[in-house]
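Values reported hereafter were calculated over all heavy atoms of this structure, with side chains retained and with hydrogens, waters and symmetry mates removed. Counting from 1, the numbers follow the sequence of the chain as shown.
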Amino acid sequence: MAVQWLLVCHGLVTLLVVVSFLCGQWPIFQGTFIQRIHNFLTFGAFDYFRRFIEYVFGSRGTNALHLAQYYCCDRPNPILQAMYLAIVGGTYYLIVYTTFNYIPGHYIAGYHRYTSMLAVGVGILLFLLASFSDPGTINSENVSQYLSLYPYDNIIYSEKECSTCKILKPARSKHCSICDRCVARFDHHCGWMNNCIGEKNTLYFVMFLFWHFFLCVYGTVAIGLVLAGRLKELEVVYILTAYYGIENSFRSLTPHVVQWLVNSYNTQILVMVFLAIVSLLLSGFFGYHASLCLSNTTTNETFKWQDYLSWQRKVEEAKASAEALKASLDELSSQEIKPPQSKWKSFFRKSHLEDINIVKNNIYDRGFLKNLYEIIYPLSSRHSFSFNKLKNE
């Protein structure tokens, strides 16, 4: 019984840590223990570790720690890429070692031995494409081409020079401090890919998210079918009802069946729970980036729009407050004596600030189909194809 509780606690702690680390900064978790765990994992733990290193090793240890931090967080490095390959390879090895003996089974066909290998291979291929493809690097040779592709909206993008590359920054581009290059239609720098996600590899990145979501769901369902098949083949339900006198109902059988599964197939249960949790996280990431693609917006632009709209709202609120104050002063200075307004009417009176409506004007949103086509076939690729065609003619 202790083993079952240990596995349950392990799964709950893993879920709490993963959700806190990845989602703890979301507004919905503000002020909760999940946000506090997130702050500890992202800042507090490292700060305590830094203090420990400084106490034990002095300034030399602190300098070495800062160098390691600079290499791991501020420079391109393959650490997370190696971690991805280790996680995928280790998980697939566990599935092969513990589950392939039961394939084919009562509910699962034998070809899944090969389709699973193919699915993992496609996932690694998409990972390599997103990691090593050019995201859309801008340099002095192609900057004029990118300047003509995306117009400045003079809201979140205006004409200015990149202080590092010393070239004009095309609209929708950004200089990545980690890769030390300007990237067209910059979305974000992905540590797992050790690469920027930009105009030319956004499709690979979104396909990577979708395929790995599918891969996790496929693995979860396949292991579930294997375990269901073992229940059927070993006649566990019949044994529990016929020999142990347990009532043949879902409510009565469930705890005993779960206990038997955890005792007999604990590794498969852990892998299945792990894949289910990761599939939920990947579904959120994929849904977020898919919505960005369909509205022709990037992660970088999302933050820019948030800052701009927040600033505009504060400006409009200040104007509305000033106008309301002026109207109140004019009313007080007027000679006309008005009957006092009802307290209830004053309480329910609509505030001038509620009338403020800031509109997001995204000039790059060309509609669902055109936005999708731009992701599949980037503008720079079409421009290069047309230029080469004219040159050949």
Side-chain angles (χ1 to χ4, degrees), residues 5-88 90-91 131 174-180 186-197 205 209 212 216 270-271 273-289 298-300 302-307 310-311:
W5 280 110
L6 182 63
L7 291 173
V8 170
C9 292
H10 177 272
L12 292 175
V13 170
T14 302
L15 177 62
L16 178 64
V17 170
V18 171
V19 171
S20 299
F21 179 74
L22 295 175
C23 313
Q25 76 277 21
W26 290 5
I28 191 175
F29 296 121
Q30 190 172 1
T32 64
F33 69 95
I34 292 181
Q35 186 189 35
R36 289 193 288 271
I37 295 174
H38 172 81
N39 292 335
F40 175 77
L41 293 174
T42 53
F43 301 105
F46 179 79
D47 186 56
Y48 284 120
F49 180 67
R50 180 189 59 79
R51 293 180 184 180
F52 172 77
I53 292 295
E54 185 178 9
Y55 177 78
V56 175
F57 299 102
S59 59
R60 288 187 177 181
T62 306
N63 293 335
L65 182 62
H66 287 161
L67 285 174
Q69 180 190 10
Y70 175 75
Y71 174 76
C72 295
C73 302
D74 299 327
R75 299 306 306 156
N77 65 82
I79 294 176
L80 288 180
Q81 288 178 304
M83 284 181 60
Y84 161 81
L85 293 174
I87 291 170
V88 172
T91 305
S131 297
K174 186 179 186 296
H175 185 90
C176 177
S177 59
I178 298 177
C179 295
D180 193 26
F186 180 86
D187 190 273
H188 70 286
H189 179 90
C190 181
W192 291 100
M193 308 296 174
N194 193 26
N195 195 11
C196 290
I197 305 302
F205 177 73
L209 292 177
H212 281 71
C216 290
L270 280 177
V271 173
V273 171
F274 170 74
L275 291 176
I277 293 172
V278 175
S279 68
L280 290 175
L281 296 173
L282 286 174
S283 66
F285 286 130
F286 170 72
Y288 172 72
H289 282 280
T298 65
T299 304
N300 179 52
T302 299
F303 291 118
K304 284 180 174 290
W305 276 113
Q306 286 177 355
D307 293 340
S310 175
W311 174 74

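Of the residues listed (Thr302, Thr298, Thr299), the one engaging Asp187 in a side chain to side chain donor-acceptor pair (under 3.5 Å) is Thr299, and it is the only one.
In plain terms, the two heavy atoms of Arg75 and Tyr70 that are nearest each other are CD-OH, 3.1 Å. Here the closest non-hydrogen pair linking Cys216 and Leu282 is SG-CD1, 4.1 Å. Nearest heavy atoms, Phe205 versus Ile197: CD1-CD1, 3.8 Å. Among all heavy-atom pairs drawn from Thr91 and Leu275, the shortest one is CG2-CD2, 4.1 Å. Summarising the geometry of Asn194 relative to Pro76, their closest heavy-atom pair is OD1-CA, 3.4 Å, with the distance given to 0.1 Å. Taking all atoms of both residues into account, the shortest heavy-atom contact from His66 to Arg50 is NE2-CD, 4.0 Å.
Atom OH of Tyr288 is surrounded by more than 12 heavy atoms from other residues, nucleotides or ligands within 6.0 Å. The environment of CZ in Phe46 is crowded: more than 12 heavy-atom neighbours from other residues, nucleotides or ligands sit within 6.0 Å.
The CZ atom of Phe285 sits 8.5 Å away from the CG atom of Leu209 when rounded to the nearest 0.5 Å. With rounding to the nearest 0.5 angstrom, the NE2 atom of His38 is 9.0 Å from the OG atom of Ser20. The distance from atom CG of Asn77 to atom OH of Tyr71, rounded to the nearest 0.5 Å, is 5.0 Å. Note that the CZ atom of Arg51 and the CD atom of Glu54 stand 9.5 Å from one another [nearest 0.5 Å]. Taking CD1 of Ile53 as the start and OG of Ser59 as the end, the distance is 12.5 Å to the nearest 0.5 Å.
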For this session: Walk me through it: do Val17 and Leu41 pass the test side-chain contact (heavy atoms from CB on, under 4.5 Å)?
Result: CA-CA 9 Å; Val17 170; Leu41 293 174; 4.1 Å; yes

For this session: Check the pair His175 / Asp180 against side-chain hydrogen bond (donor to acceptor under 3.5 Å, both in side chains), numbers first and verdict last.
Result: CA-CA 7 Å; His175 185 90; Asp180 193 26; 3.2 Å; yes

For this session: Carefully, step by step, assess Asp307 and Lys304 under the rule salt bridge (charged side-chain N to carboxylate O under 4.0 Å, His left out).
Result: CA-CA 5 Å; Asp307 293 340; Lys304 284 180 174 290; over 6 Å; no

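Between Leu65 and Phe49 the shortest side-chain heavy-atom distance falls below 4.5 Å. Counting only heavy atoms from C-beta outward, the side chains of Leu16 and Phe33 approach each other to under 4.5 Å. Side-chain contact check for His188 versus His289: some heavy-atom pair is nearer than 4.5 Å. Put simply, the side chain of Val278 reaches to within 4.5 Å of the side chain of Phe274, judged on heavy atoms.
For Tyr84 and His212, the gap between ring centers is short of 6.0 Å.
The closest donor-acceptor contact from the side chain of Gln81 to the backbone of Met193 lies under 3.5 Å.
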